[in-house]
Amino acid sequence: MFSLTATVSGRQFITIAILVFLVLGLLWWGVTETGLVTPLFLPSPEMVVARLKELAIGGQLVDDTLISIYRISLGFLISTAFALPIGILIGSYRAWEAAIEPLVDFIRYMPVVAFVPLTILWTGTGDAQKFLIIFIGTFFQQVLLVMDNVKSVPRDFINLGRTLQMSERRILTRIILPSALPAIWDSMRISLGWAWTWLVVAELVAATSGLGYRITTAQRFFQTDTIFGYLLLLGILGLATDQAMKWASRKLFRYLRTQR
């Protein structure tokens, strides 16, 4: 099972993953039960679950989760809608790459956190500010990832299209895009993880609702059980979205499995 060429079935994969989480949970429980760490620094699993249950009954947990899901969904879609055509364009044409890629490289090295006060000045502290932070944090990375995905399409495929006297547009839509689409989907999956990170950053600094805002509020009152609970919830949401995209990839690109 642990050799380089070994395969793991879906059931084995799930079993191993669950066992890892169980071991980490038992370690967490053991450290807190023995009193090695005080609850102020590391609350027990029972305390975290009880706190989450209390927040869920009060409706706060559901409200915070829904508003964060709304922000991440719309912000990520906006970023992707702009990044995909630009990434495909500069990945397909060298002239457009020369015009756009250096500028994208220049901006993407600017720390997103530094834009937080500027976005507050530009748009206030509403949802538009959250969308803008997600856009700045993911758009420029997405553009370069999509560009590389398009560039990875074998040149022979394009030459075949030219041999068949296909137009530039047909080569792009019938050869380049279908060939690059699985890799582009994986790039979107990776960038979705960054989007979650930047959403929480925006909510930590300037928000009146959401998961990040609740973590900041809990920090002021040393409510570490709330902080740990919301961190676990963020991890669950991130894992769920990641696995959903992996599942969608298997359904959309079934032909890849027959090639392996």
Side-chain angles (χ1 to χ4, degrees), residues 71-119 121-123 128-199 201-202 241-242 245-246 248-249 251-256 259-260:
R71 289 166 177 165
I72 185 70
S73 300
L74 192 54
F76 182 72
L77 286 175
I78 293 171
S79 174
T80 303
F82 282 93
L84 284 179
I86 295 175
I88 293 169
L89 183 68
I90 65 177
S92 303
Y93 300 97
R94 287 284 292 172
W96 283 111
E97 180 184 357
I100 299 174
E101 194 259 347
L103 177 62
V104 171
D105 269 331
F106 173 74
I107 298 176
R108 80 184 179 99
Y109 281 105
M110 298 179 183
V112 180
V113 177
F115 283 95
V116 172
L118 289 174
T119 56
L121 290 173
W122 295 337
T123 62
Q129 188 262 345
K130 313 300 180 290
F131 300 148
L132 188 54
I133 286 295
I134 294 172
F135 182 89
I136 295 172
T138 58
F139 168 77
F140 301 99
Q141 310 290 346
Q142 283 180 314
V143 167
L144 295 180
L145 287 173
V146 173
M147 180 192 72
D148 287 338
N149 297 149
V150 171
K151 280 180 169 291
S152 67
V153 175
R155 198 73 183 177
D156 291 342
F157 290 4
I158 300 173
N159 291 335
L160 176 61
R162 287 174 175 161
T163 301
L164 297 174
Q165 297 184 344
M166 296 173 66
S167 64
E168 291 280 312
R169 182 176 179 180
R170 284 180 61 83
I171 290 175
L172 182 62
T173 58
R174 301 295 296 274
I175 295 178
I176 295 177
L177 286 182
S179 299
L181 197 55
I184 291 174
W185 186 268
D186 286 338
S187 296
M188 296 306 99
R189 176 184 156 215
I190 293 170
S191 59
L192 180 58
W194 299 332
W196 273 109
T197 300
W198 298 124
L199 168 71
V201 168
T241 53
D242 185 78
M245 292 199 71
K246 285 182 68 175
S249 177
K251 295 299 181 180
L252 291 171
F253 313 114
R254 293 181 180 179
Y255 57 88
L256 291 179
Q259 297 175 356
R260 292 174 181 175

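Leu160 contributes atom CG, which lies 9.0 Å from atom CD1 of Ile171 (distance to the nearest 0.5 angstrom). To the nearest 0.5 angstrom, Ile90 atom CD1 is 8.0 Å from Ile86 atom CD1. Note: Leu177 CG to Ile88 CD1 = 4.5 Å, rounded to the nearest 0.5 Å. To the nearest 0.5 Å, atoms CD1 (Ile158) and OG (Ser179) are separated by 8.5 Å. Going from atom CG of Leu181 over to atom CG of Leu252 covers 8.0 Å, rounded to the nearest 0.5 Å. Taking OG1 from Thr173 and CZ from Arg170, the interatomic distance works out to 6.5 Å, rounded to the nearest 0.5 Å.
Every pair passing ring-ring contact (aromatic ring centres under 6.0 Å, His included) that includes a residue from residues 133-172 is listed here, sequence neighbours excluded: Phe82-Phe135, Phe135-Phe139. Each ring-ring contact (aromatic ring centres under 6.0 Å, His included) pair with one or both residues in residues 86-108, not counting sequence neighbours, would appear here, but there are none.
Taking each heavy atom of Ser187 and Asn149 in turn, the nearest pair found is OG-OD1, 2.7 Å. The two atoms that bring Pro102 and Ala98 nearest to each other are CD-O, 3.4 Å, heavy atoms only. Between Trp196 and Thr241, the shortest heavy-atom contact is NE1-OG1, 3.5 Å. Taking each heavy atom of Pro178 and Pro182 in turn, the nearest pair found is O-CD, 3.6 Å. Among all heavy-atom pairs drawn from Ile134 and Ala195, the shortest one is CG2-CB, 4.0 Å. When all heavy atoms are compared, the tightest approach of Val153 to Ala180 is CG2-CB, 3.9 Å.
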message: I'd like to know whether Ile176 forms a side-chain contact (heavy atoms from CB on, under 4.5 Å) with Leu172, so could you lay out the CA-CA distance, the side-chain angles of the two residues, the decisive distance to 0.1 Å, and finally the verdict.
response: CA-CA 5 Å; Ile176 295 177; Leu172 182 62; 4.0 Å; yes
field: Test side-chain contact (heavy atoms from CB on, under 4.5 Å) applied to Lys151 and Met147, step by step
entry: CA-CA 6 Å; Lys151 280 180 169 291; Met147 180 192 72; 4.1 Å; yes
- prompt: Please walk me through it: do Met188 and Leu84 pass side-chain contact (heavy atoms from CB on, under 4.5 Å)?
  reply: CA-CA 9 Å; Met188 296 306 99; Leu84 284 179; 4.2 Å; yes
- request: Begin from the C-alpha positions of Ile133 and Leu199 and carry the test side-chain contact (heavy atoms from CB on, under 4.5 Å) through to its verdict.
  value: CA-CA 7 Å; Ile133 286 295; Leu199 168 71; over 6 Å; no
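Ionic pairing of Arg108 and Glu101 is not present here: no N-O contact between side-chain nitrogen and carboxylate oxygen is shorter than 4.0 angstrom.
No side-chain donor-acceptor contact under 3.5 Å links Ser92 to the backbone of Leu89.
Gln141 and Ser191 share no donor-acceptor pair across their side chains, judged by distance under 3.5 Å alone. Between the side chains of Thr123 and Gln129, no donor N or O sits under 3.5 Å from an acceptor N or O. Side chain to side chain, Thr80 and Gln142 meet the donor-acceptor criterion of an N or O pair below 3.5 Å.
No side-chain heavy atom of Trp198 sits under 4.5 Å from any side-chain heavy atom of Val116.
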